[in-house]
S.K.: 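Quick one: the structure is below, questions incoming.
Since we're looking at a predicted model, the values are computed, not measured.
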There are 2 protein chains.
Amino acid sequence: MTDPREHILSCACDLYLEDGLEGFSMRKLARAVGVTAPALYRHYESKERLLLDVVGEAYKRLGEYLYRGLQGRTPDERFRMAGEEYLTFALEHPRMYEVLFTLPDLVRLPEPPEEARDQACAIGQFWNDRVRECMDAAILRAGDPDEVGQTLWAHAHGLISLYLRGSFPVDEAGFRAMYGASTRRLLIGLGTPQYGQHLGNRHGEDLVEEASDAAS
Amino acid sequence: MTDPREHILSCACDLYLEDGLEGFSMRKLARAVGVTAPALYRHYESKERLLLDVVGEAYKRLGEYLYRGLQGRTPDERFRMAGEEYLTFALEHPRMYEVLFTLPDLVRLPEPPEEARDQACAIGQFWNDRVRECMDAAILRAGDPDEVGQTLWAHAHGLISLYLRGSFPVDEAGFRAMYGASTRRLLIGLGTPQYGQHLGNRHGEDLVEEASDAAS
DNA sequence: GTCTATAATCCGATAGAC
DNA sequence: GTCTATCGGATTATAGAC
């Protein structure tokens, strides 16, 4: 509480997550903080700058989830856990997830800060790391880890953002199943046959059998 | 020009595509149209309703691009052309593409109109049709066309939306190549071996060879 | 110097005259 | 159908209290 900026930012996150972007105003935030609106501008030069810090907080939270995935003890486990943690973050904090990818575009500053872009790149690097070690472990087929990681990330992000916008008529449990099934479908082509076998031992027997049939 | 609504909507699209959401105001729109602000409310009950019509126009434009893909003469050709037209629309009208998926969430009406959702479902149906006929033609592996279509759509949408947000450090030509390569990577698992061969004759020899090796 | 309240500006939307 | 006048609310710059 020594830093008023932190207090303001914390209240701003709460307000944003509760009321969304159109319900977010400096006056309302000031009421929540306990001061008058103009006082906020002593600590934050503009509403945009404040919202970008909200985005930064969301990135930190996502990072915590992803980092949990690193507790897995094998490349395979870390890979799967990371994918699940990414999904879990999106489902537990849907508004934060939207913030990460929509807010930076709506808030246009005179000189666009590279923070958001850098933080997005960090996610790319995280996936790159997961993919690279799975390639080294012959779980994923050899290739450019960046490219394969981008394919995986795009697939996950596309599914999640479409679901969060209501483009799929399923509930949360249904979407978790859909996410897993779609990911396994993608991994038929990206993974090595050994990994496909491993998947088959878990959930996707039918898919792997199809893959083996088609490949014979 | 007989219908003033059309004129207003046309100006609204131009204004939105030029200034974005935060630069869009009824007063500015009125200036562009050549009337005063209150006059607009004779034709559009609210700014939200007007913006939703802007979204509708963007969906129509996307539909025109997709429909062009139906000129292909084989399921395979229609499938590939549809994917390319989808990408071309996003690259030629990036702001419209963003509008389709971000604006409906920002504009919350008392009773959410099902137009946007229906139009999003129409895209899903379009992919479903493309996938189904490719399955019938043994180009894609047998399966649920809805699920496979969702995987393909999510992958394309994820790649495009991440690119439009600057998450990939590539220019437009680089992204087109990336989009194609990533799609081929996905199709290794979704397509039948025959289709992989066909792809190999076009661009992706290395990938298809890898797939054949891994499948042996 | 640091924080705060006042006031100017702009927006969406409405009411009533022409 | 359109304009003038206006309300309520929001952001932001300016000037004043501690």
Side-chain angles (χ1 to χ4, degrees), chain A residues 1-55 95 99 102-113, chain B residues 1-57 99 102-113 116:
Chain A
M1 198 76 81
T2 61
D3 187 2
R5 255 178 94 103
E6 283 186 16
H7 187 211
I8 292 174
L9 179 55
S10 171
C11 293
C13 288
D14 293 343
L15 178 61
Y16 184 90
L17 294 181
E18 202 168 333
D19 293 2
L21 181 61
E22 71 284 358
F24 185 93
S25 76
M26 296 297 265
R27 288 167 124 90
K28 227 187 272 186
L29 175 59
R31 274 195 293 271
V33 174
V35 296
T36 58
L40 298 176
Y41 289 88
R42 274 294 139 185
H43 305 280
Y44 273 99
E45 63 228 19
S46 72
K47 181 187 171 192
E48 274 81 19
R49 196 62 192 73
L50 178 52
L51 284 175
L52 285 183
D53 269 17
V54 172
V55 176
R95 216 138 194 181
V99 163
T102 68
L103 225 168
D105 293 329
L106 297 173
V107 176
R108 309 210 185 266
L109 286 180
E111 46 178 276
Chain B
M1 197 75 80
T2 62
D3 187 3
R5 253 179 97 102
E6 284 186 15
H7 186 211
I8 292 173
L9 180 54
S10 172
C11 292
C13 289
D14 294 344
L15 179 61
Y16 184 90
L17 294 180
E18 201 168 334
D19 292 4
L21 181 62
E22 71 284 358
F24 184 94
S25 77
M26 295 297 268
R27 294 169 125 91
K28 223 187 276 186
L29 174 60
R31 273 194 294 269
V33 174
V35 296
T36 56
L40 298 176
Y41 288 87
R42 285 288 154 189
H43 305 278
Y44 272 100
E45 64 227 20
S46 71
K47 180 186 172 193
E48 273 83 18
R49 195 65 192 73
L50 179 52
L51 284 175
L52 284 182
D53 270 15
V54 172
V55 176
E57 286 301 302
V99 163
T102 68
L103 222 167
D105 294 331
L106 297 173
V107 175
R108 309 207 185 271
L109 285 180
E111 46 179 275

S.K.: Return the value, rounded to whole Å, for the distance between atom CE of M26(B) and atom C1' of dG8(D).
M.R.: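 So the two atoms are 17 Å apart, to the nearest Å.
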S.K.: Just jot down the side chain to side chain contact (heavy atoms under 4.5 Å, CB included) partners of S25(B), sequence neighbours excluded, or say none.
M.R.: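 Per chain and number, S25(B) pairs via side chain to side chain contact (heavy atoms under 4.5 Å, CB included) with R27(B), K28(B).
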S.K.: For S10(B), check side chain to side chain contact (heavy atoms under 4.5 Å, CB included) against everything at least two apart and list the hits.
M.R.: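 Checked S10(B) against side chain to side chain contact (heavy atoms under 4.5 Å, CB included); matches are D14(B).
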S.K.: How close do A32(B) and C11(B) get, counting heavy atoms only, and between which atoms?
M.R.: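 Answer, listing the atom of A32(B) first, then C11(B): O-SG, 4.5 Å.
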S.K.: Tell me the interatomic distance from E48(B), atom CD, to dC11(C), atom C1', rounded to whole angstroms.
M.R.: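 Whole-Å distance recorded here is 13 Å.
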S.K.: Output the rounded distance in Å from CD (E22(B)) to C1' (dC10(C)).
M.R.: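 Atom-to-atom, E22(B) to dC10(C), this comes out as 15 Å.
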S.K.: Taking all atoms of both residues into account, what is the closest heavy-atom pair of H43(B) and R5(B), and its distance?
M.R.: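 Nearest heavy atoms, H43(B) then R5(B): O-NH1, 2.9 Å.
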S.K.: What is the separation between atom CD on E45(B) and atom P on dA15(C), rounded to the nearest whole Å?
M.R.: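 After rounding, the gap between these two atoms is 15 Å.
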S.K.: Roughly how many Å is it from CZ in R5(B) to P in dG1(D), rounded to a whole number?
M.R.: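 It is 12 Å, rounded to the nearest whole Å.
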S.K.: To the nearest angstrom, how far is K28(B) atom NZ from dT9(C) atom P?
M.R.: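 Distance check: K28(B) NZ to dT9(C) P gives 18 Å.
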S.K.: Select base, sugar-phosphate, or nothing to describe what F24(B) touches, counting heavy atoms under 4.0 Å on all strands.
M.R.: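 Answer is sugar-phosphate: F24(B) comes under 4.0 Å of backbone atoms only.
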S.K.: Restricting both atoms to N or O, compile the protein contacts to nucleotides 2-5 of chain C shorter than 3.5 Å, with distance only.
M.R.:
| residue | atom | partner | partner atom | Å |
| --- | --- | --- | --- | --- |
| dA5(C) | OP2 | T36(A) | OG1 | 2.6 |

S.K.: For E18(B), enumerate each residue passing the side chain to side chain contact (heavy atoms under 4.5 Å, CB included) test, keeping only those at least two apart in sequence or located in another chain.
M.R.: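 By the side chain to side chain contact (heavy atoms under 4.5 Å, CB included) rule, E18(B) matches no residue at all.
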S.K.: Atom CG of L50(A) to atom P of dT12(D): distance rounded to whole Å?
M.R.: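 Spelled out: CG on L50(A) to P on dT12(D) is 11 Å.
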S.K.: Partners of R42(B) by salt bridge (charged side-chain N to carboxylate O under 4.0 Å, His left out), sequence neighbours excluded?
M.R.: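 Listed in chain order: nothing, the list is empty.
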S.K.: Find the distance L21(B):CG to dG12(C):C1' and express it as a whole number of Å.
M.R.: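 To the nearest whole Å, that distance equals 14 Å.
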